[in-house]
There are 2 protein chains.
Amino acid sequence: MMAKYKDIGIKLTPQRLAILGYLEGNKAHPSAEDIYNDLHAKYPTMSFATVYTTLATLRAKGCISELSIDPDKKRFDPNTSDHNHLICTSCKRVVDITVPFDLTLPEDSASDFMITGSHVEFFGICPECKKNNRYSREDMEKCV
Amino acid sequence: MMAKYKDIGIKLTPQRLAILGYLEGNKAHPSAEDIYNDLHAKYPTMSFATVYTTLATLRAKGCISELSIDPDKKRFDPNTSDHNHLICTSCKRVVDITVPFDLTLPEDSASDFMITGSHVEFFGICPECKKNNRYSREDMEKCV
DNA sequence: ATATCAGATAATAATCGTTACTGTCAACAG
DNA sequence: CTGTTGACAGTAACGATTATTATCTGATAT
């Protein structure tokens with residue numbers, strides 16, 4: 001479960017609560033811009049910088065994770081538990097998946113790295129884009 | 001094997017040949033900046049823009065792939081065959097690996113996506129960083 | 001050879017995501 | 001009550017990338 005500010009010893013401010021609340025249970029993997037746009041309606045004074053610094057703080061404290069899945073912008077995930085992602089290469093939708101196989105790399109293929117983590121991404125076209133034919137051949141060849 | 005310009009019907013220019021040659025067999029997964037810096041010595045007139053557009057062209061033609069592995073900048077890989085990456089979270093070194101398991105996702109976990117590709121990343125600390133103690137606790141917790 | 005034309009390039013400007021800086025304000029401590 | 005600390009908004013700065021524009025090159029037709 002996601003840790004709260006009080007658990008990690010940083011001050012509970014309206015802005016931080018807003019971002020934390022926005023993220024909690026959010027499955028959309030929003031970008032900083034998404035977060036700003038959505039919260040701006042309710043908190044008209046909140047600035048971009050606050051969103052960025054708050055996200056950085058949360059990430060440093062391990063409350064959220066930052067995803068490099070989207071080549072254009074970072075996206076944030078309140079789910080810090082071990083899970084993986086399925087990405088629509090057309091609309092950039094990201095959905096969580098759990099991979100049904102064991103990702104332990106054999107010693108001999110690890111090139112002497114000390115392995116600290118792993119991540120699997122699946123790329124594809126989501127049902128909506130498929131239904132509406134909202135994808136190109138190029139989309140289908142994307143797999144970053 | 002990597003397709004050549006002549007095979008894909010685009011003009012062979014000195015700049016394109018230079019970038020293609022630089023990339024060929026290159027295992028370092030360089031960024032656009034790396035490429036520019038290294039080629040600039042030999043081709044003093046080549047600009048950033050040329051590097052970017054050439055890389056975009058090559059990518060569109062499927063000659064190279066663009067990696068979103070590094071949160072700060074795109075990196076390029078002449079190896080377009082199916083392979084995966086092992087990333088040092090301290091020095092950002094990227095080495096190729098082939099994963100020893102089958103990455104076919106069962107129907108029921110695919111959320112109705114039409115799957116077009118997959119990619120596995122392993123994160124860790126490379127032998128050099130490990131030996132020189134050139135890594136922090138934070139590095140060890142990075143797994144984008 | 002020379003004119004023409006298409007595409008490639010250099011240089012630069014613009015854009016986008018992100019970070020740094022600065023002045024202000026509020027909460028709390030002494 | 002006053003000094004200190006941290007958070008914030010606003011804005012400037014920055015780095016990576018993309019768009020624009022004018023120039024150049026090389027192939028072809030004349």
Side-chain angles (χ1 to χ4, degrees), chain A residues 4-6 8-22 29-61 63-77 92 94 138 142 144, chain B residues 4-6 8-22 29-61 63-76 92 138 142 144:
Chain A
K4 295 293 193 313
Y5 278 106
K6 59 182 174 188
I8 57 173
I10 64 174
K11 204 184 283 184
L12 282 162
T13 66
Q15 292 84 352
R16 288 179 174 177
L17 282 172
I19 291 177
L20 195 62
Y22 180 83
H29 308 78
S31 65
E33 194 186 2
D34 295 333
I35 296 170
Y36 173 78
N37 287 339
D38 288 352
L39 289 180
H40 199 254
K42 203 169 182 179
Y43 303 83
T45 68
M46 183 155 26
S47 74
F48 262 114
T50 300
V51 173
Y52 278 109
T53 56
T54 301
L55 289 170
T57 306
L58 286 172
R59 178 172 155 278
K61 295 292 183 179
C63 300
I64 62 174
S65 50
E66 184 182 290
L67 310 178
S68 294
I69 282 176
D70 187 331
D72 296 330
K73 50 182 68 167
K74 292 174 191 164
R75 297 175 65 159
F76 295 87
D77 191 344
K92 305 287 184 73
V94 176
E138 203 198 333
K142 280 180 203 155
V144 185
Chain B
K4 293 295 193 311
Y5 278 104
K6 56 181 174 187
I8 57 173
I10 65 176
K11 205 184 282 184
L12 282 163
T13 66
Q15 291 84 354
R16 288 180 170 173
L17 281 171
I19 292 177
L20 194 63
Y22 179 82
H29 308 79
S31 65
E33 194 186 3
D34 295 333
I35 296 169
Y36 173 77
N37 287 340
D38 288 352
L39 289 181
H40 199 254
K42 203 167 180 181
Y43 302 84
T45 68
M46 184 156 27
S47 72
F48 261 114
T50 300
V51 174
Y52 278 112
T53 56
T54 301
L55 290 170
T57 305
L58 286 172
R59 178 173 154 276
K61 296 290 183 180
C63 301
I64 62 173
S65 51
E66 184 182 291
L67 309 178
S68 293
I69 282 175
D70 188 330
D72 295 331
K73 51 182 68 165
K74 292 173 189 163
R75 297 175 64 160
F76 296 86
K92 305 287 185 71
E138 203 199 334
K142 280 180 205 157
V144 184

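Computed over heavy atoms, backbone and side chain alike; hydrogens, waters and symmetry mates excluded. Each chain gets a letter, A, B and so on, in the order the sequences are listed, and its residues count up from 1.
Atoms OH and CD1, from Tyr43(A) and Ile19(A) in turn, are 10.0 Å apart once rounded to the nearest 0.5 Å. To the nearest 0.5 Å, atoms NZ (Lys92(B)) and CG (Asp72(B)) are separated by 4.5 Å. One finds the CD atom of Glu66(B) at 4.5 Å from the CZ atom of Arg59(B) (value rounded to the nearest 0.5 Å).
Judged by distance alone, with hydrogens and angles left aside, the side-chain atoms of His29(A) form no donor-acceptor pair with the main-chain N or O of Phe76(A) at under 3.5 Å. A distance-only check finds a donor-acceptor pair linking the side chain of Thr54(B) to the backbone of Thr50(B) [under 3.5 Å].
For Thr13(A), taking side-chain heavy atoms from C-beta onward, the closest of the listed nucleotides dG10(D), dA8(C), dA7(D) is dA7(D).
Rounded to whole Å, atom C1' of dT25(D) lies 15 Å from atom CG of Leu17(B). In this structure, the NZ atom of Lys11(A) is 17 Å from the P atom of dT4(D), given to the nearest Å. If you measure from atom CG of Leu12(A) to atom P of dA26(C), you get 19 Å, rounded to the nearest angstrom. Look at CZ on Arg16(B): it is 11 Å from P on dG7(C), rounded to the nearest Å. Atom pair Gln15(A):CD and dC25(C):P shows a separation of 15 Å (rounding to whole Å applied). Look at OH on Tyr36(A): it is 10 Å from C1' on dG10(D), rounded to the nearest Å. In this structure, the CG atom of Leu58(A) is 14 Å from the C1' atom of dA7(D), given to the nearest Å.
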Set out, in order, the CA-CA distance, both residues' side-chain angles and the distance that settles salt bridge (Lys or Arg N to Asp or Glu O under 4.0 Å) for Arg75(B) and Asp34(B), then state yes or no. CA-CA 9 Å; Arg75(B) 297 175 64 160; Asp34(B) 295 333; 5.5 Å; no
Worked verdict on Val94(A) versus Asp77(A) for side-chain contact (heavy atoms from CB on, under 4.5 Å): CA-CA 10 Å; Val94(A) 176; Asp77(A) 191 344; over 6 Å; no
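Of all the heavy atoms in Met46(A) and Ala18(A), the pair that sits closest is CE-CB, 4.4 Å. Across all non-hydrogen atoms, the minimal contact from Pro30(B) to Tyr22(B) is CG-CE2, 3.9 Å.
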Using a 4.0 Å heavy-atom cut-off to protein, can you give one letter per nucleotide of nucleotides 12-21 of chain D, 5' to 3': B if the base is in contact, S if only the sugar-phosphate is, - if neither? ----SBBB--
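Shown for residues 37-45 of chain A: residues whose heavy atoms fall under 4.0 angstrom of DNA chain D, namely Thr45(A).
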